[in-house]
Protein chains: 2
Amino acid sequence: MAKAANRTYSLYTREAVELLAVMIREARLERKLPAKELAERAGISRGLLQRIEKGDPNCSLGTVFEVAYLLGISLFNSDERALASNLAMSKEKLSLLPKMARKPQRGVDDDF
Amino acid sequence: MAKAANRTYSLYTREAVELLAVMIREARLERKLPAKELAERAGISRGLLQRIEKGDPNCSLGTVFEVAYLLGISLFNSDERALASNLAMSKEKLSLLPKMARKPQRGVDDDF
DNA sequence: CTATTGTGGTCTATAAATGGATCATTTAGA
DNA sequence: TCTAAATGATCCATTTATAGACCACAATAG
């Protein structure tokens, strides 16, 4: 009972995925690093790296981020230290929020 | 002949994935949006949204980005227009790069 | 306090992603 | 130019992700 992935994505999502893909390919080529080598270092197959660089949205988040990391591409405009710091702050903030999202019984927040 | 996903990720990757997860959960709770509703709007199951908010790296890039988008979380610190612009510039730059990464036969670039 | 709703976990069947191999083609370097 | 190497594409076998249902529990609103 799974009929997934006829998914439709927003333009924003498609562009974000493609941007990341292009940045990865750029960085790899700038470093003159063959796909085969990068794939090995990332622990993935060359085929998967191809899909990533092609902007396939159906690749796992972790592998794509890892490849980006190996190429020195900074996610969220954060280097390693800033990222850890952001994460700590976000966790802190999250802990202060109500743990459930219960909607008030009639329409306060439906601004989508 | 596929034995994938005993994957190991760098700390940076793990933190980046978790940061995105926490930001998503934060944004959803701030909006008082039940998981069920957000999942419906994203066209995914509630279980998958749970994994996303938990920081599971094995979720597809597209779905995670789409959920983030639905919550107004900006990827790459770029709104919709900036993103399109970045993408165009990156494509331009990519087109100027050599199309293959051929390593010079002896060690110029192995600074990893 | 209580009723109600959201959430986290588990289970199963199915769809999809991935690895690994192969082949043809393109490209960069000598 | 020559040629070794990189890329792009396809195939198949297997692993994995996902949907969808269910349950027990937690937490919020009243």
Side-chain angles (χ1 to χ4, degrees), chain A residues 1-9 17 21-22 24-26 28-64 66-67 94-109, chain B residues 1-9 17 21-22 24-26 28-64 66-67 94-109:
Chain A
M1 273 172 187
K3 203 273 293 272
N6 289 349
R7 294 197 197 296
T8 166
Y9 299 106
V17 170
V22 171
I24 285 173
R25 173 165 256 264
E26 256 179 39
R28 183 177 66 78
L29 290 178
E30 279 174 358
R31 292 188 176 228
K32 301 194 183 313
L33 193 58
K36 182 184 171 189
E37 271 196 44
L38 179 55
E40 276 170 12
R41 297 191 193 195
I44 63 177
S45 65
R46 191 171 64 95
L48 179 52
L49 179 57
Q50 265 181 191
R51 287 185 27 224
I52 290 173
E53 291 191 348
K54 219 173 149 184
D56 188 333
N58 305 307
C59 299
S60 64
L61 188 65
T63 55
V64 179
E66 183 71 13
V67 169
L94 179 58
S95 73
L96 299 175
L97 249 41
K99 299 176 183 62
M100 283 187 182
R102 193 159 192 161
K103 307 192 80 174
Q105 61 266 57
R106 214 43 210 111
V108 175
D109 197 45
Chain B
M1 268 170 194
K3 202 272 294 270
N6 290 350
R7 293 195 197 297
T8 166
Y9 300 106
V17 170
V22 170
I24 285 174
R25 172 164 258 264
E26 255 180 38
R28 182 177 66 78
L29 290 179
E30 278 174 357
R31 292 188 176 228
K32 300 197 183 312
L33 192 59
K36 182 183 172 190
E37 272 196 43
L38 179 55
E40 276 169 12
R41 296 192 193 194
I44 64 177
S45 65
R46 192 170 64 95
L48 179 52
L49 178 57
Q50 265 180 192
R51 288 200 303 136
I52 290 174
E53 291 191 348
K54 218 173 150 185
D56 188 332
N58 305 306
C59 299
S60 64
L61 189 65
T63 55
V64 179
E66 183 71 13
V67 169
L94 179 58
S95 74
L96 299 175
L97 250 40
K99 297 176 185 61
M100 284 188 184
R102 192 157 194 163
K103 308 194 78 174
Q105 62 266 59
R106 213 45 212 111
V108 174
D109 198 45

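Numbered from 1 within each chain, the chains take letters A, B, ... in sequence-line order.
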Do the side-chain N or O atoms of [X] get closer than 4.0 angstrom to the phosphate oxygens (OP1, OP2) of [N]?
{"X": "A:Lys32", "N": "D:dA6", "result": "no"}
{"X": "A:Arg7", "N": "D:dA19", "result": "yes"}
{"X": "B:Lys36", "N": "C:dT5", "result": "no"}
{"X": "A:Arg28", "N": "D:dT7", "result": "yes"}
{"X": "A:Ser60", "N": "D:dT16", "result": "no"}

Atom [atom1] of [X] and atom [atom2] of [Y]: how far apart are they, to the nearest 0.5 Å?
{"X": "A:Thr63", "Y": "B:Asn58", "atom1": "OG1", "atom2": "CG", "result": "8.5 Å"}
{"X": "B:Leu96", "Y": "A:Leu29", "atom1": "CG", "atom2": "CG", "result": "12.0 Å"}
{"X": "B:Ile44", "Y": "A:Arg7", "atom1": "CD1", "atom2": "CZ", "result": "6.5 Å"}
{"X": "A:Ile24", "Y": "B:Leu94", "atom1": "CD1", "atom2": "CG", "result": "12.0 Å"}
{"X": "A:Leu33", "Y": "A:Arg41", "atom1": "CG", "atom2": "CZ", "result": "5.5 Å"}

What about A:Arg51: does its side chain form a donor-acceptor pair under 3.5 Å with the base of C:dT18? no

Within the modelled atom types, does a donor on one side and an acceptor on the other bring the side chain of A:Arg46 and the base of D:dG8 under 3.5 Å apart? yes

Taking the side chain of [X] as heavy atoms from C-beta outward, which of [options] is closest to it?
{"X": "A:Asn58", "options": "D:dA6, C:dT7, C:dA17", "value": "C:dA17"}
{"X": "A:Arg102", "options": "C:dT5, D:dT7, D:dA5", "value": "C:dT5"}
{"X": "B:Cys59", "options": "D:dT18, D:dT28, C:dA17", "value": "D:dT18"}

On DNA chain D, more 5' by nearest nucleotide between A:Ala35 and B:Gly43 is A:Ala35

5'-most by nearest nucleotide on DNA chain D - A:Arg25 or A:Lys99: A:Arg25

B:Leu29 or B:Gly47, whichever maps to the more 5' nucleotide of DNA chain C: B:Leu29

Rounding to a whole Å, what distance do you find between [X]:[atom1] and [N]:[atom2]?
{"X": "A:Met100", "N": "D:dC25", "atom1": "CE", "atom2": "C1'", "value": "8 Å"}
{"X": "A:Glu37", "N": "D:dA5", "atom1": "CD", "atom2": "P", "value": "13 Å"}
{"X": "A:Asp56", "N": "C:dG19", "atom1": "CG", "atom2": "C1'", "value": "15 Å"}
{"X": "A:Lys54", "N": "D:dG8", "atom1": "NZ", "atom2": "C1'", "value": "8 Å"}
{"X": "A:Leu61", "N": "D:dT16", "atom1": "CG", "atom2": "P", "value": "18 Å"}
{"X": "A:Gln50", "N": "C:dA21", "atom1": "CD", "atom2": "P", "value": "15 Å"}
{"X": "B:Asn6", "N": "D:dT16", "atom1": "CG", "atom2": "P", "value": "7 Å"}
{"X": "B:Ile44", "N": "D:dG20", "atom1": "CD1", "atom2": "P", "value": "11 Å"}

With the threshold set at 4.0 Å, does a side-chain nitrogen-carboxylate oxygen contact exist between A:Arg28 and A:Glu53? yes

